[in-house]
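Note that the structure is predicted; figures quoted are calculated from it, not measured. Below, read A as the first sequence line, B as the second, and so on, with proteins coming before strands; counting in each chain starts at 1.
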Protein chains: 2
Amino acid sequence: MDPKDKAFFGLLSLVPEGEILKRIESLSERLSRRGVDAAVIMQNVDMFYFSGTIQRGFLAVSRQGEAVLYVQRDFERASAESPLEVRRARGLGELKSVEFLRRARTIGLELDVLPVATFFRLKDLLEGADLVDISSDILSLRAVKSPYEIRQMEEASRITARVLSSVTSFCRAGMTETELDALLQAEGRKLGHHGWLRMRGFNQEMTPVAVLSGPNGSFPSYVDGPLKGLGTCPAIGYGSSSKRIREGEPIVVDYGAGYNGYLTDETRTYVIGRLPRVLEDAYKVSLEILESFEAHAHPGKNGRELFEMALGIVGRYGLEEHFMGYGENRVRFVAHGIGLEINEWPVIAMGREEELKEGMVFALEPKFVFPGKGAVGVEVDYVVEKRWLRRLNSLSTDLFRL
Amino acid sequence: MDPKDKAFFGLLSLVPEGEILKRIESLSERLSRRGVDAAVIMQNVDMFYFSGTIQRGFLAVSRQGEAVLYVQRDFERASAESPLEVRRARGLGELKSVEFLRRARTIGLELDVLPVATFFRLKDLLEGADLVDISSDILSLRAVKSPYEIRQMEEASRITARVLSSVTSFCRAGMTETELDALLQAEGRKLGHHGWLRMRGFNQEMTPVAVLSGPNGSFPSYVDGPLKGLGTCPAIGYGSSSKRIREGEPIVVDYGAGYNGYLTDETRTYVIGRLPRVLEDAYKVSLEILESFEAHAHPGKNGRELFEMALGIVGRYGLEEHFMGYGENRVRFVAHGIGLEINEWPVIAMGREEELKEGMVFALEPKFVFPGKGAVGVEVDYVVEKRWLRRLNSLSTDLFRL
């Protein structure tokens with residue numbers, strides 16, 4: 001890198017060396033415990049988590065703790081961003097040159113995201129080795145955040161809080177949902193949003209903002225969340241639409257900013273004038289669910305228990321049919337982990353027995369959907385601390401009246 | 001759907017029935033020709049292309065032309081958006097109930113994108129059938145656009161042209177690249193950009209805008225394109241950065257809008273004041289390459305010939321080391337197909353023998369990179385017509401002086 005470029009490169013804030021070394025150590029331990037000899041990491045977010053950089057290539061890690069990043073493009077940049085040993089690679093064929101992979105009998109891969117065609121190439125190159133799925137090991141490591149990671153999320157959350165506050169100055173009756181969406185995106189970017197949100201998995205896409213007003217809040221789509229929306233066309237079939245925002249209907253804004261790779265995901269409900277009584281009452285139930293989490297969601301509680309606690313509250317108000325979607329479109333979770341991707345662990349849902357641990361971060365999103373009328377609800381990001389939950393930002397969760 | 005929702009649903013413009021039926025017919029023919037009995041389509045963009053909707057589920061197509069869309073979520077919406085037969089599915093298990101899949105000996109899948117874990121589930125469910133890759137068949141069908149598709153791309157291109165023109169009013173010395181990026185994104189969204197861009201493949205992500213000024217135009221990253229950029233952080237490691245834009249340096253803006261699912265991808269170069277002579281001269285070579293394509297890129301010409309034609313021009317000016325990247329960071333293509341995804345066929349590159357056909361649409365992007373100084377170049381979207389190329393919009397390709 002020439003000196004001019006080096007100064008320019010200084011605009012980036014790198015992941016501290018200690019973070020990366022600790023993550024590699026945890027992965028090696030996990031491999032050992034599972035009897036897996038080595039791992040080959042290829043997905044961009046996992047590569048970033050374990051190496052501090054995203055490059056074209058692969059990261060090889062052994063159960064003994066060796067870690068080498070093989071890079072096709074860009075070697076120089078990888079060397080500047082990652083504290084790990086970086087070697088040049090001409091392509092995947094370089095896998096054959098990695099001593100500890102040649103010796104390995106069992107090799108772990110990210111089988112939840114790796115495409116079949118790539119897998120068969122790896123199988124040829126790693127001949128003889130048993131290829132096993134280590135995606136849940138990676139996801140469970142990533143679920144517990146370090147203080148460094150939580151600081152990045154607090155920065156992201158500051159942007160999110162400012163963008164969600166700015167709705168009150170941008171939103172006017174008569175403007176379309178996509179116009180408000182555009183203003184909020186620009187605002188977030190100006191405040192330092194790193195660029196885009198990531199969601200793990202095949203076909204997973206993530207709109208950067210969703211503005212859902214009135215009936216758009218209850219319109220169905222394929223999305224695996226409580227609120228869906230019409231979107232702008234069948235090809236972008238969820239989220240903000242070209243519908244105009246009107247007085248007296250709920251306006252739900254779901255927004256997430258990213259900072260240094262780390263995401264946030266929050267929602268507030270707004271109204272010009274007043275909401276119909278039934279919606280305003282349901283909104284209060286959302287807040288009651290937040291309060292009950294703040295009182296009871298400690299380390300040691302599991303996803304199922306907490307989901308049932310939320311259902312208990314919903315049941316007391318007879319809102320079961322409206323909770324987290326309507327009718328057959330309801331989803332069976334009330335909170336999801338968040339970090340480098342928007343769909344991390346823990347998941348607070350029916351049948352999830354994993355316990356909360358200190359350092360986990362999740363987005364709690366109790367929302368209610370009323371066909372033809374729209375949706376109301378709130379979404380707040382929490383860090384699990386030793387004895388309680390802490391909100392990532394201090395933005396009010398009251399209904400915003402414009 | 002209740003009547004109120006039906007009226008609201010009218011905001012969407014659906015894919016005409018004739019389009020979908022013709023695409024299914026072409027796919028069946030292709031399957032027959034390859035001796036494949038049926039296809040199971042799961043990737044969201046391919047599902048949209050062949051059914052007119054994106055839902056959670058799968059599309060089953062037989063070589064005899066039967067096509068049924070099995071939908072987990074959302075059945076009602078799928079039925080409204082797709083002219084195909086739509087059936088409810090509880091999950092992938094529904095594959096076992098499809099008569100023509102049970103009879104099939106060979107079944108085609110999208111192995112370039114389908115994750116390994118999903119593939120093994122399909123293998124269990126489709127027991128006995130040979131599972132083969134039909135992704136190139138799908139990509140070659142999608143490469144030739146219908147008049148309907150070209151009209152959608154013209155609409156997208158109108159937005160792109162207006163956004164790229166607006167750079168002259170938004171851009172000021174002293175603002176950061178991400179500030180300009182934010183303004184351009186908001187402008188596009190207000191003009192009707194459908195939401196986001198799509199890029200096919202594992203780890204493929206797409207920034208909606210890239211503003212690369214001065215040395216950021218030559219900064220390396222993993223991106224498979226001529227220009228990369230620093231980005232905002234190692235996790236978003238390419239594109240616009242927090243560098244401030246200055247007088248006398250090239251400002252390259254790469255932008256694409258989408259309309260009804262269809263994308264465009266264009267680039268212009270701007271400067272506040274004057275460019276250094278060497279960059280201005282290289283810019284003229286970009287324009288000469290456009291002209292030579294407009295004169296010689298007819299149906300029947302192949303990717304290799306056209307790439308060599310571009311190289312011939314570059315060689316006459318001694319700019320080989322700077323063309324499409326610098327040094328070892330050069331990429332070996334000069335144009336790529338574009339449609340529902342940003343990396344479609346044809347690819348005009350070394351070693352590509354496929355011929356241009358009427359109805360193909362590609363982005364031609366001759367660009368030059370000068371380490372430490374930045375990049376210059378242009379990117380224009382062309383439709384291949386019977387005898388010539390036609391630009392999708394009429395935005396000037398001259399260097400913009402601010």
Next on the checklist: Only pairs of heavy atoms separated by less than 4.5 Å count here; which of A:E110, A:M47, A:R56, A:R198 has the most with chain B?
Outcome noted: A:R198

Item to check | Worked verdict on A:K373 versus A:S218 for side-chain hydrogen bond (donor to acceptor under 3.5 Å, both in side chains) | outcome: CA-CA 7 Å; A:K373 292 196 184 71; A:S218 59; over 6 Å; no

Next on the checklist: Only pairs of heavy atoms separated by less than 4.5 Å count here; which of B:K190, B:K243, B:E187 has the most with chain A?
Outcome noted: B:K243

Next on the checklist: Please verify the inter-ring angle class for B:F9 with A:F219; under 30° counts as parallel, over 60° as perpendicular, anything in between as tilted.
Outcome noted: parallel

Checklist entry - Between B:Y259, B:Y262, B:F119, which has the largest tally of heavy atom pairs under 4.5 Å with chain A? => result B:F119

Checklist entry - For A:Q72, is it the side chain, the backbone, both, or neither that has a heavy atom closer than 4.5 Å to a heavy atom of chain B? => result neither

Item to check | Pair A:E177-A:S241, side-chain hydrogen bond (donor to acceptor under 3.5 Å, both in side chains): steps then yes or no | outcome: CA-CA 6 Å; A:E177 292 176 349; A:S241 76; 2.9 Å; yes

Next on the checklist: Which atoms of A:E205 are under 4.5 Å from chain B, going by heavy atoms: the side chain, the backbone, both sets, or neither?
Outcome noted: side chain

Checklist entry - Taking atom types as modelled and ignoring hydrogens, do the side chains of B:T176 and B:E179 form a donor-acceptor contact shorter than 3.5 angstrom? => result yes

Checklist entry - Considering all heavy atoms of both residues, which atom of A:P215 and which atom of A:G372 are nearest to each other, and what is their separation? => result CB-O, 3.7 Å

Checklist entry - So which pairs with a foot in residues 223-240 of chain A pass side chain to side chain donor-acceptor pair (under 3.5 Å), sequence neighbours left out? => result A:D181-A:S240, A:D224-B:R73

Checklist entry - Considering the options B:N260, B:I159, B:L263, which one meets the side-chain contact (heavy atoms from CB on, under 4.5 Å) requirement together with B:H194? => result B:L263

Item to check | Residue selection (most heavy-atom pairs with chain B, distance under 4.5 Å) from A:C233, A:S242, A:P115, A:G188 | outcome: A:P115

Checklist entry - Given the options A:V15, A:N44, A:L14, A:L11, which has more heavy-atom pairs under 4.5 Å with chain B than any of the others? => result A:N44

Next on the checklist: Any non-hydrogen side-chain atom of A:I54 less than 4.5 Å from a side-chain atom of A:V45?
Outcome noted: no

Item to check | chain B contact via A:F120 - which portion, at a heavy-atom distance below 4.5 Å | outcome: side chain

Checklist entry - For B:F75, is the NZ or CZ atom of B:R88 found under 6.0 angstrom from the centre of its six-membered ring and inside 45 degrees of the ring axis? => result yes

Checklist outcome for this item: Applying a strict 4.5 Å limit to non-hydrogen atoms, the region of A:E81 in contact with chain B is side chain

Next on the checklist: What part of A:Q43 gets within 4.5 angstrom of chain B, counting heavy atoms only: side chain, backbone, both, or neither?
Outcome noted: both

Next on the checklist: Quick check for you: among B:G201, B:G261, B:A186, which has the greatest number of heavy-atom pairs under 4.5 Å with chain A?
Outcome noted: B:A186

Checklist entry - Without hydrogens or angle criteria, can the side chains of A:S221 and B:D74 be said to hold a donor-acceptor pair below 3.5 Å? => result no

Checklist outcome for this item: Applying a strict 4.5 Å limit to non-hydrogen atoms, the region of A:D112 in contact with chain B is backbone

Checklist entry - What option among A:A182, A:G239, A:G258 has the most heavy-atom pairs under 4.5 Å with chain B? => result A:A182

Item to check | Under 4.5 Å from a heavy atom of chain B, the part of A:V71 involved | outcome: neither

Checklist entry - Going through the checks in order, is the salt bridge (Lys or Arg N to Asp or Glu O under 4.0 Å) test met by A:D46 and A:R200? => result CA-CA 10 Å; A:D46 291 336; A:R200 191 182 188 90; 2.9 Å; yes

Next on the checklist: Using heavy-atom distances under 4.5 Å, tell me whether A:M42 contacts chain B through its side chain, its backbone, both, or neither.
Outcome noted: both

Checklist entry - Using a cut-off of under 4.5 Å for heavy-atom pairs, which of B:D133, B:V209, B:T207 has the most such pairs with chain A? => result B:T207

Next on the checklist: Counting only non-hydrogen atoms closer than 4.5 Å, does B:Q55 touch chain A with its backbone (N, CA, C, O), its side chain (CB onward), both, or neither?
Outcome noted: both

Item to check | Options A:T178, A:N203, A:N329, A:V223, ranked by heavy-atom pairs under 4.5 Å with chain B, top entry | outcome: A:N203

